[in-house]
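For reference, the structure is listed below as structure tokens.
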Amino acid sequence: MNIFDQYLNKLKKILLELSKNGSLILPNKLDGITVEIPPSKFKSDISTNVAMVLSKINNKSPNDLARTLVQSIKKEDELIENVEIVKPGFINIKFKPIFWTNFVKEIIKNSKTFGINLEESKNNYLIEFVSANPTGPLHVGHCRGAILGDVISNILLFNKHKVTKEYYVNDYGNQIINFTKSVYFRIREILYSESFPSDNKDLYPGEYIINFAKNIINLNKKIDFENFDKIADELTEYSIEEALKLIKINLNSLGINHDNFVSEKKLVKNQEVEKVIDFLQKNNLVYRGKIKAPASEDKDNWIEREQLLFKSTDFGDDKDRALQKSDGAWTYFASDVAYHKNKLDRNFDYLINILGADHAGYIKRISSSVQALSKTNDKLICKVSQLVKLIKDKKPFKMSKRKGDYITVDDLIKEVGRDATRFIMLNRSSDAELDFDFDNVIEKSKENPLYYVQYSYARIASVFRHLEKNLKSEIKISKYDFEYTNEEIKILQKISEWPKCVETACNKLEPHRIPTYLYELASLFHSYWNLGKDNPDKRFINNQKNISDEKLIFLKIISDVIKSGMDIVGVSVPEKM
RNA sequence: GCGCUUGUAGCUCAACUGGAUAGAGCGCCUGACUUCGGAUCAGGAGGUUCUGGGUUCGACUCCUAGCAGGCGCACCA
């Protein structure tokens, strides 16, 4: 039900016919020709650039070409009210009101699938997001990427693609050892009243570790905590379990559920790293060598050593990357290559990685490895979520990891709620920094786009409530012989953009388009609603407490679109606020 | 120094994968309420899209050279 695609197809048919009888020359591909939404000042419904695209090859001015095309376009279609040619050569089409009545009829008939692109072929996606270290609760910094990944998944799922949501657990390496030690010292603090060595900068000072320690003590009374080395492995496992438990609670409070949690440690244990390095070696992409010192300021500490390297420069990276540390352990990069091999072996069409801005520099090397492993360069799609600037009391709020005073997801949800957090985090393009103003987010006004959209839905719900009708049940209408007013058609035009909005959000993996669209739709609706204030004839419900069929389904499709949009964003649509 | 990224109204940001006279909100100015729920609406002022070149019917968008902010440049994860 994408009227723009429908008209593009119609147009192409007309063009082919004209070229058959020799009155038009066509290029091999008709790619550049589009049917789009004209700017609102033109008072047309759809618009095409066809005359400008074909003018050169036909050696005619866009205006002349447009004039001949318009005749064929008009002839083919009795739903068109008039066609205009506008300055550079656009052809603008205005439909008769009956077009919009038919449009509504179609939507009601396909209410379950409106907005979904059913013609496009469907893919199987793996999306990896969050993947925060299992050493403590999620904080605000993780939040944007988490929501971005979740909503990208929702968009793909809405469009009937297959999606697997995955969390990569970095449970291997130095940070985990330091984390386990921190838990251990907290345990000793509790059991033997030894004070926590807070001057050790490698340790995690956060108070949540105390809870982990308590839980581990309570669950495992038989363990002898006296000697660290003896229980290190066991304690590591329990500590990670505690952290993951907390992370999952955090994710849950954001409304996020991953399908898989993949353990780095297990990959290493299963020799997957060796296998992938072996594979790369056979392709001459691994060698022993030295990396040049970085060009940054502090090269004094640089020690040059020979180590195992991956030839990522073959794929455009600016230096080759280390696979093995001097103590023989694999680098983070090495096991991540193994993880991506693991992903590739599971036969997905596309792999999506959501990364924080601070990891953007990592993209080149990991995409190099995927290119090396898959021999293609369009398998992996990396999306970066830029930083969130927290603003409290009109001032930027700085978090300090060392002091342990950072705002957790838990704090955020308690203060502003899940819906507002999700909506505001998405409201901007993901590759621009985002201001997250606490005072603003809580405010229940137009300044807060969440409430603005929710309010439009609640208004529609209130009409149905007054009429004692169910907003969620299907509406059946036998006669579609009514016509919509200009104000209503304005909203229907916006509704017709919904499939286009979803399609773009899906193709470009840009979720912010959904809230932006919903805001615009809500805005048109609020305007329309207020017409009833000046003119009682324009109210939905008449004096006899009745509503006409056309208004009833009109409201229904608006609320349906808002509902499906808000479902994608993952926020609620209350019927009363 | 190198890489990535951003630069659009006073402020926060859109702009349909190259379209038309660049749009919203906040703030400012003027209006609409004993509300079909004002958490709303109508109107006004506000622009050299960071700068200079290029590509073409057409550039906020693409290329190129700069300028300015952010992030990154490890055997960390």
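Since the structure is predicted, the reported quantities are computational estimates derived from the model, not experimental observations. In what follows, chains are A, B, ... by sequence order, proteins preceding strands, each numbered from 1.
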Indicate, with a heavy-atom threshold strictly under 4.0 Å, whether [X] touches base, sugar-phosphate, or nothing.
{"X": "A:Lys500", "answer": "base"}
{"X": "A:Lys364", "answer": "nothing"}
{"X": "A:Leu387", "answer": "sugar-phosphate"}
{"X": "A:Pro62", "answer": "nothing"}
{"X": "A:Ala329", "answer": "nothing"}
{"X": "A:Val53", "answer": "base"}
{"X": "A:Phe333", "answer": "nothing"}
{"X": "A:Glu575", "answer": "base"}
{"X": "A:Pro38", "answer": "base"}
{"X": "A:Ser429", "answer": "sugar-phosphate"}

Inset, instruction - Report the residue (A:Ser55 or A:Met577) whose heavy-atom-nearest nucleotide on RNA chain B is the more 5′ of the two. - result: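 Mapping each residue to its closest nucleotide by heavy atoms, the 5'-most match is A:Met577.
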Legend entry - Is_stacked (A:Tyr519, B:rA24) at 5.5 Å, 30 deg: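 A stacking contact does not exist, since A:Tyr519 is not both close and nearly parallel to the base ring of B:rA24.
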Inset, instruction - Compare the ring of A:Trp529 with the six-membered ring in the base of B:rC36 and state whether they stack (centres under 5.5 Å, planes under 30°). - result: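 Yes, the aromatic ring of A:Trp529 stacks with the base.
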In Watson-Crick or G-U wobble terms, both distances under 3.5 Å, what is the partner of [N]?
{"N": "B:rA65", "answer": "B:rU51"}
{"N": "B:rG37", "answer": "none"}
{"N": "B:rC4", "answer": "B:rG70"}
{"N": "B:rG58", "answer": "none"}

Could you state the atom-to-atom distance from [atom1] of [X] to [atom2] of [N] in whole Å?
{"X": "A:Tyr362", "N": "B:rA74", "atom1": "OH", "atom2": "P", "result": "14 Å"}
{"X": "A:Asp327", "N": "B:rC76", "atom1": "CG", "atom2": "C1'", "result": "12 Å"}
{"X": "A:His359", "N": "B:rU5", "atom1": "NE2", "atom2": "C1'", "result": "16 Å"}

Inset, instruction - Output, in order, the C-alpha distance, side-chain angles, deciding distance and verdict of side chain to side chain donor-acceptor pair (under 3.5 Å) for A:Asp336 and A:Tyr362. - result: CA-CA 11 Å; A:Asp336 207 19; A:Tyr362 187 75; 2.9 Å; yes
Inset, instruction - Examine B:rC41: is either OP1 or OP2 under 4.0 Å from a nitrogen or oxygen in the side chain of A:Tyr452? Give yes or no. - result: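 Checking B:rC41 against A:Tyr452, a side-chain N or O does come within under 4.0 Å of OP1 or OP2.
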In whole Å, what separates the [atom1] atom of [N] from that of [M]?
{"N": "B:rC67", "M": "B:rU17", "atom1": "C1'", "answer": "28 Å"}
{"N": "B:rG27", "M": "B:rC11", "atom1": "P", "answer": "16 Å"}
{"N": "B:rU64", "M": "B:rU5", "atom1": "P", "answer": "12 Å"}
{"N": "B:rU30", "M": "B:rC71", "atom1": "C1'", "answer": "45 Å"}

Legend entry - Selected nucleotide, minimal atom distance to A:Lys41 side chain, candidates B:rG23, B:rG37, B:rU17: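 Of all the options, the side chain of A:Lys41 is nearest to B:rG23.
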Legend entry - Partner set under side-chain contact (heavy atoms from CB on, under 4.5 Å) for A:Glu575, not counting sequence neighbours: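 side-chain contact (heavy atoms from CB on, under 4.5 Å) check on A:Glu575 returns A:Tyr457, A:Ala461, A:Arg465, A:Leu471, A:Lys472.
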Inset, instruction - Classify the side-chain pair A:Lys266/A:Asn342 by whether it contains a donor and acceptor separated by less than 3.5 Å. - result: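 Looking only at side-chain atoms, A:Asn342 and A:Lys266 do not form any donor-acceptor pair under 3.5 Å.
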Legend entry - Sole residue of A:Phe540, A:Phe525, A:Tyr528 in ring pair (Phe, Tyr, Trp, His ring centres under 6.0 Å) with A:Phe554: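 Running ring pair (Phe, Tyr, Trp, His ring centres under 6.0 Å) over A:Phe540, A:Phe525, A:Tyr528 with A:Phe554 returns exactly one hit, A:Tyr528.
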Inset, instruction - Would you give a per-nucleotide map of nucleotides 44-51 of chain B, 5' to 3', where B means the base has a protein non-hydrogen atom under 4.0 Å away, S means only the sugar-phosphate does, and - means neither? - result: --------
